[in-house]
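Quick note: residue numbers are just sequence positions, from 1. None of the values given here were measured: they were computed from a predicted structure.
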Amino acid sequence: MNNEIFDKLDKLYCIWKEKKLGGEFMPEDYNPNLSKSSNENYLYFTLPMALNYQRNSYKLWEGAKNTFEDNTTNFVFNINEVIDSSVSEVKKALTKYKLALQENKQTEIWMKLCFTIKNYFDGDIRLLFKNCDYDVNKIRNFIQVEHKKDFPYLSGNKICNYWLYVLYQYTDIKFCNLDALTVAPDTHILQASVKLGIINKEDLTKNDIQKIVAERFFDILKGSKYRPIDLHTPLWLWSRNGFKEIQ
C-alpha cells in the first residue's frame, strides 16, 4: 500500500511543480515582501500564525498585510510598541482589517506573544532559533514543552510545525534538521490523506488523528527523496481545489 501511495504523492508533487494543480497562490504569499533576513519579516510570519485557527487562511494573511501597510495599525508588528500600548489600542488595530476576529481573546494572545518575545529574546524572535542551534526538535521542545504557556496557540502541534515550515519558505532561516518537520495536518491535509487512503474517513473522529497522519507520512516517505513537509503545499492545494485527478 505504501508504494502505491508514494507513487501518487510523487505524481502529485510533480503536478504541483509544473503548476498544474490550480490556485498555486498560497495564503502566506500575500505579504509585504520584507527583507527575508530581518526581524521584522520573522515577526510578520510569526504573530499572525497564533490567530490562524478555525478561519480562512487567505483572509487571515490579507488582514495581516493590510494591517501592516496601514501606518495607523502597523505598530502591532513592533514588539516594543505593542508593550507600550493599551489593550484597547492593540485591539482596535488588530480588528480594523479583521486580522483578529475574536477581539478580546486574540488581542490577549497577540500581546502575550509580544511580551514573551520581549522577555526571552529582547524583541528579536531570531534569537529563539539561534539559541536552539536552528534544530527543529530543540525549537519545538522550547516552545511546546519548556515554555508552552508563553506561546499561546503557536505551541500547538499542528500550527507549530506549519509555522516553522512557513519561516523556512519566507525567511532566510536554515534549519539543521528539516526532516524533523511533519506535515501540518489541518483540514485540507486530513481530507487529502483520506483521498489517498493514508487514513479512513472514520479515523477523522479520533482525538489523536493529527499525530496518526504525521506518523504515517513519516513511514511512507522514509528513505525517499521527500521530507514530509515537502508535500504540505501540494496536498493543501490539491484538497482546496477539489482533488484534481492524479494521472
Side-chain angles (χ1 to χ4, degrees), residues 1-37 41-42 44-46 48-49 52 56-62 64-65 129 134 136 139-140 157-199 209-210 212-247:
M1 182 185 72
N2 283 6
N3 288 338
E4 182 181 346
I5 293 175
F6 177 81
D7 289 342
K8 289 181 179 179
L9 288 169
D10 188 35
K11 290 175 182 177
L12 180 65
Y13 185 85
C14 292
I15 293 171
W16 170 63
K17 292 297 285 185
E18 293 169 358
K19 300 189 182 299
K20 293 180 180 178
L21 266 184
E24 273 72 20
F25 189 86
M26 289 294 285
E28 299 82 11
D29 289 336
Y30 198 73
N31 66 75
N33 294 311
L34 300 169
S35 169
K36 283 193 171 186
S37 63
N41 190 49
Y42 276 72
Y44 181 86
F45 287 108
T46 295
M49 272 293 178
N52 190 18
N56 184 310
S57 295
Y58 287 94
K59 293 295 185 182
L60 167 73
W61 291 102
E62 179 182 338
K65 186 170 186 283
F129 312 113
Y134 302 98
V136 169
I139 295 165
R140 286 191 302 208
N157 192 47
K158 178 184 72 175
I159 205 65
C160 186
N161 274 279
Y162 190 64
W163 167 56
L164 295 177
Y165 169 69
V166 166
L167 290 180
Y168 167 69
Q169 293 286 343
Y170 295 93
T171 74
D172 69 340
I173 198 164
K174 297 291 186 292
F175 294 115
C176 69
N177 60 340
L178 197 61
D179 290 355
L181 277 184
T182 71
V183 292
D186 63 6
T187 300
H188 285 301
I189 302 302
L190 293 177
Q191 292 298 332
S193 298
V194 172
K195 188 75 172 177
L196 289 165
I198 293 173
I199 57 171
I209 186 57
Q210 294 177 353
I212 291 171
V213 168
E215 289 175 349
R216 292 187 182 174
F217 269 99
F218 267 122
D219 290 340
I220 292 167
L221 299 174
K222 187 176 182 180
S224 76
K225 60 185 177 181
Y226 297 116
R227 299 164 296 203
I229 201 65
D230 292 336
L231 277 301
H232 180 87
T233 298
L235 285 166
W236 197 90
L237 289 168
W238 186 49
S239 172
R240 189 176 188 275
N241 291 292
F243 297 112
K244 178 185 178 73
E245 185 177 353
I246 302 175
Q247 297 180 342

With side chains defined as the heavy atoms from C-beta onward, is the minimum distance between Lys225 and Asp10 less than 4.5 Å?
yes
For Phe218 and Asp179, which heavy atoms make the closest approach, and how far apart are they?
CE2-O, 3.3 Å
Report the distance from atom CG of Leu12 to atom CH2 of Trp238, rounding to the nearest 0.5 Å.
6.0 Å
Residues Pro228 and Val183: closest non-hydrogen pair is O-CG1, 3.1 Å
Rounded to the nearest 0.5 Å, how far does CD of Gln210 lie from CD1 of Ile189?
11.0 Å
Would you give the length of the straight line joining atom OG of Ser239 to atom NZ of Lys244, rounded to the nearest 0.5 angstrom?
15.0 Å
Looking at residues at least two apart in the chain, or sitting in another chain, which of them share a salt bridge (charged side-chain N to carboxylate O under 4.0 Å, His left out) with Asp230?
Arg227
Evaluate side chain to side chain contact (heavy atoms under 4.5 Å, CB included) for Leu235 paired with Phe217, printing each intermediate quantity in order.
CA-CA 12 Å; Leu235 285 166; Phe217 269 99; 3.5 Å; yes
Trace of the side chain to side chain contact (heavy atoms under 4.5 Å, CB included) decision for His232 with Ile229
CA-CA 5 Å; His232 180 87; Ile229 201 65; 4.3 Å; yes
So Val213 and Ile209, side chain to side chain contact (heavy atoms under 4.5 Å, CB included) or not? Walk me through it.
CA-CA 6 Å; Val213 168; Ile209 186 57; 4.1 Å; yes
Is any side-chain heavy atom of Met49 closer than 4.5 Å to a side-chain heavy atom of Ile159?
yes
Aromatic ring pairing His188/Trp236, orientation class (parallel under 30°, perpendicular over 60°, tilted between)
perpendicular
Residues in side chain to side chain contact (heavy atoms under 4.5 Å, CB included) contact with Ala180, at least two apart in sequence or another chain:
Val136, Asn137, Arg140, Asn177
Nearest heavy atoms of Leu196 and Leu9, plus distance in Å:
CD1-CD2, 3.6 Å
Residues that Thr187 engages under side chain to side chain contact (heavy atoms under 4.5 Å, CB included), provided they are two or more places apart
Gln191
For a quick test of reading the model, state the closest non-hydrogen atom pair linking Ala192 to Phe243 and the distance between them.
CA-CE2, 3.6 Å
Roughly how far, to the nearest 0.5 Å, is CD1 of Ile198 from CD1 of Ile220?
4.0 Å
For Lys17, all residues meeting side chain to side chain contact (heavy atoms under 4.5 Å, CB included), sequence neighbours excluded
Tyr13
Please name all residues satisfying side chain to side chain contact (heavy atoms under 4.5 Å, CB included) with Thr171, sequence neighbours left out, ordered by chain then number.
Asn41, Tyr42, Leu167, Ile173
Taking all atoms of both residues into account, what is the closest heavy-atom pair of Tyr44 and Tyr30, and its distance?
OH-O, 3.5 Å
Taking only residues two or more places apart in sequence or in another chain, which ones pass salt bridge (charged side-chain N to carboxylate O under 4.0 Å, His left out) with Lys158?
none
Residues, nucleotides or ligands: over 12 heavy atoms within 6.0 Å of Lys65 NZ:
yes
May I have the step-by-step check of side-chain hydrogen bond (donor to acceptor under 3.5 Å, both in side chains) for Gln169 and Tyr165, ending in yes or no?
CA-CA 6 Å; Gln169 293 286 343; Tyr165 169 69; 3.2 Å; yes
Interatomic distance, Met26 atom CE to Trp61 atom CH2 [nearest 0.5 angstrom]:
11.5 Å
Give, for atom NZ of Lys19 and atom CG of Leu21, the distance between the pair rounded to the nearest 0.5 Å.
10.5 Å
Of the options Tyr168, Phe129, Tyr170, which is the one that meets Trp163 in a ring-ring contact (aromatic ring centres under 6.0 Å, His included)?
Phe129
What's the shortest heavy-atom distance between Glu28 and Tyr162, and which atoms?
OE2-OH, 2.9 Å
